[in-house]
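Working notes, beginning with the structure itself.
For ligands, and for the atoms within them, numbers begin at 1 and follow the listed sequence.
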Amino acid sequence: MKIISIVNQKGGCGKTITAVNCAAALHKKGYKVLLVDCDPQAHATFSLRKESRVYITDILEAIAGNQELPSEGLLTQVADNFYLVPSRIGLASLEHKLSVRDDKLQILSSFLSKVSANFDYCLLDCPPNLGVLTLNALEASRYSLVPLMACDFSLRGIEILKDILIMLKEYKGSHPIPFYLLTQVDKRYNFSKEFSEKVKKQLGNLLLKSTIRINISLREAASAGKTIFEYKADSRGAEDFLALATELEKITSQSKWTSLFLRGDKFSEVYLVGDFNNWKRDERYRLNKVGEDIWSINVPLETGKYRYKFVAGDSWFNDPHNALAEDDAFGGKNSLLVIE
Ligand SMILES: Nc1ncnc2c1ncn2[C@@H]1O[C@H](COP(=O)(O)OP(=O)(O)OP(=O)(O)O)[C@@H](O)[C@H]1O
Ligand SMILES: [Mg+2]
């Protein structure tokens, strides 16, 4: 099961619309899909309007309290091969139970591992904060989809997310591979075009090619308790989400991805060099400046062992966020990646 968290601590940027309709688009393409509403605001749950018996908080509380999971109604059926774990308001008791556990960030992972054999994709709709539920979702997921509103001039939100990803990498050795998605794109307005251009330049290949245009049918579908395919299958919204699902299908079935970060505000450009590109600076391996002082790159690599370094100007250095290293031929060290 490929797990994708939809995350951005900024509110209203399109996380829920993306989670619900991307899940529906993957289902339409023939995949078995599980959508998990990790947000106590429960917008994804409302926008599918299904009768439910068991909620995400019940499941996480049961696991955190070492109790049996409910044997019936664990997942709410949306359609054939399309299921939901719904949410509802009320986190206090869950937070209390989690706070005493050392594995408080792995509770959602532990639940998903029990159901993973039944699904191809799992999408996690996160709340607009980086609290315990979002951290559980980041821990559980292999990929993160970060919606960015195309009418927003600030990319500061991403910097905080980057800090969390770096922290996850340092504490557990890996973190989800982030991909960014432009949403609420309105081509009639210059500021939307300008923002899209700016983000494209800044994020390079971290930004998905698909974009989600402003489409009133998406909003209407959510208030009618339907996915866009049930509400208006010939809308621009439906077209955009199908294209997004196709792009995600490709990304998640391609070679494995590794995401690397580097901090530094003095560089004008940074390259990743290693035995996968003959240690040469190559445009495909140029890092993107994703924040004031954060550089990042997502690299598709097949299974294997790779040595690498970063190069900025005349300086070569190791990855400060990767403890794995190996002696190089010059008396120094190379950072090491082992892709299994
Ligand atoms: N492409 C779009 N076209 C039209 N309306 C949209 C589009 N994307 C999102 N919206 C509307 O914008 C609002 C915010 O979207 P959404 O609820 O998906 O954001 P969110 O990031 O999940 O918000 P929160 O952070 O509160 O969970 C909703 O009313 C939604 O219907
Ligand atoms: Mg939401």
**Report entry** Contact with ligand 1 for Leu218, non-hydrogen, under 4.0 angstrom
**Finding:**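 Checking ligand 1 against Leu218, which is what was asked, there is a heavy-atom contact under 4.0 Å.
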Requested in this report: Could you establish whether Cys13 and ligand 1 come within less than 4.0 Å of each other, counting only heavy atoms on the residue side?
Outcome: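 Per 4.0 Å heavy-atom rule, Cys13 contacts ligand 1.
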**Report entry** Under 2.8 Å: N/O/S of Thr16 next to the Mg ion (ligand 2)
**Finding:**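 It does; at least one qualifying atom falls short of 2.8 Å.
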Query raised in the report: Are any of the N or O atoms of Asp125 closer than 3.5 Å to those of ligand 1?
Result: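 In this structure, Asp125 places no N or O atom under 3.5 Å from an N or O of ligand 1.
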Contact atoms of ligand 1, heavy-atom distance to [X] under 4.0 Å:
X: Ile212; answer: 1 (N)
X: Pro128; answer: 25 (O)
X: Gly11; answer: 25 (O)
X: Arg213; answer: 1 (N), 2 (C), 3 (N)

Among all protein non-hydrogen atoms, which one is nearest to [atom], and what is the separation to 0.1 Å?
atom: atom 17 (O) of ligand 1; value: Thr16 CB, 3.9 Å
atom: atom 19 (O) of ligand 1; value: Gly14 N, 3.0 Å
atom: atom 24 (P) of ligand 1; value: Gly12 N, 3.5 Å
atom: atom 26 (O) of ligand 1; value: Gln41 NE2, 3.3 Å

Using distance alone, with no hydrogens and no angle criterion, decide if [X] and [Y] have a side-chain donor and acceptor under 3.5 Å apart.
X: Ser141; Y: Ser5; answer: yes
X: Asn66; Y: Arg101; answer: yes
X: Ser259; Y: Asn298; answer: yes

Query - Single-linkage hydrophobic cluster Leu208~Tyr121, side-chain heavy atoms < 4.5 angstrom - result: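 They do share one cluster, since a chain of ILVMFWY contacts under 4.5 Å joins Leu208 to Tyr121.
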Query - Gap separating the CG atom of Leu84 from the CG atom of Leu34, nearest 0.5 angstrom - result: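 If I round to the nearest 0.5 Å, the distance is 8.0 Å.
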**Report entry** Test applied, side chain to side chain contact (heavy atoms under 4.5 Å, CB included); reference residue, Val85; option that passes from Leu108, Thr76, Leu75
**Finding:**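 Running side chain to side chain contact (heavy atoms under 4.5 Å, CB included) over Leu108, Thr76, Leu75 with Val85 returns exactly one hit, Leu75.
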Query raised in the report: Hey, what's the ring geometry for Tyr308 with Phe310, parallel, tilted or perpendicular (30° and 60° as the breaks)?
Result: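 Perpendicular, since the angle between the ring planes exceeds 60°.
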Requested in this report: Look at the aromatic rings of Trp316 and Trp279 and report parallel, tilted or perpendicular, splitting at 30° and 60°.
Outcome: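 Trp316 and Trp279: parallel rings.
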Query raised in the report: Of the backbone atoms (N, CA, C, O) and the side-chain heavy atoms from C-beta on, which set of Asp39 has a member under 4.0 Å from an atom of ligand 1: side chain, backbone, both, or neither?
Result: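 Answer for Asp39: side chain.
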Query raised in the report: Are Asn334 and Lys309 close enough, and set up right, to give a side chain to side chain donor-acceptor pair (under 3.5 Å), and what steps lead you there?
Result: CA-CA 6 Å; Asn334 286 324; Lys309 272 187 162 52; 3.0 Å; yes
**Report entry** Asp282 and Lys280 ion-paired at < 4.0 Å
**Finding:**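 No.
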Query - Nearest neighbour of atom 9 (C) of ligand 1 from the list His43, Gln184, Arg219, Glu220, on a heavy-atom basis - result: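 It is Gln184 whose heavy atom sits nearest to atom 9 (C) of ligand 1.
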Query raised in the report: Within a distance of under 4.0 Å, is there any protein heavy atom near atom 11 (C) of ligand 1?
Result: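 Given the 4.0 Å cut-off, atom 11 (C) of ligand 1 counts as touching protein heavy atoms.
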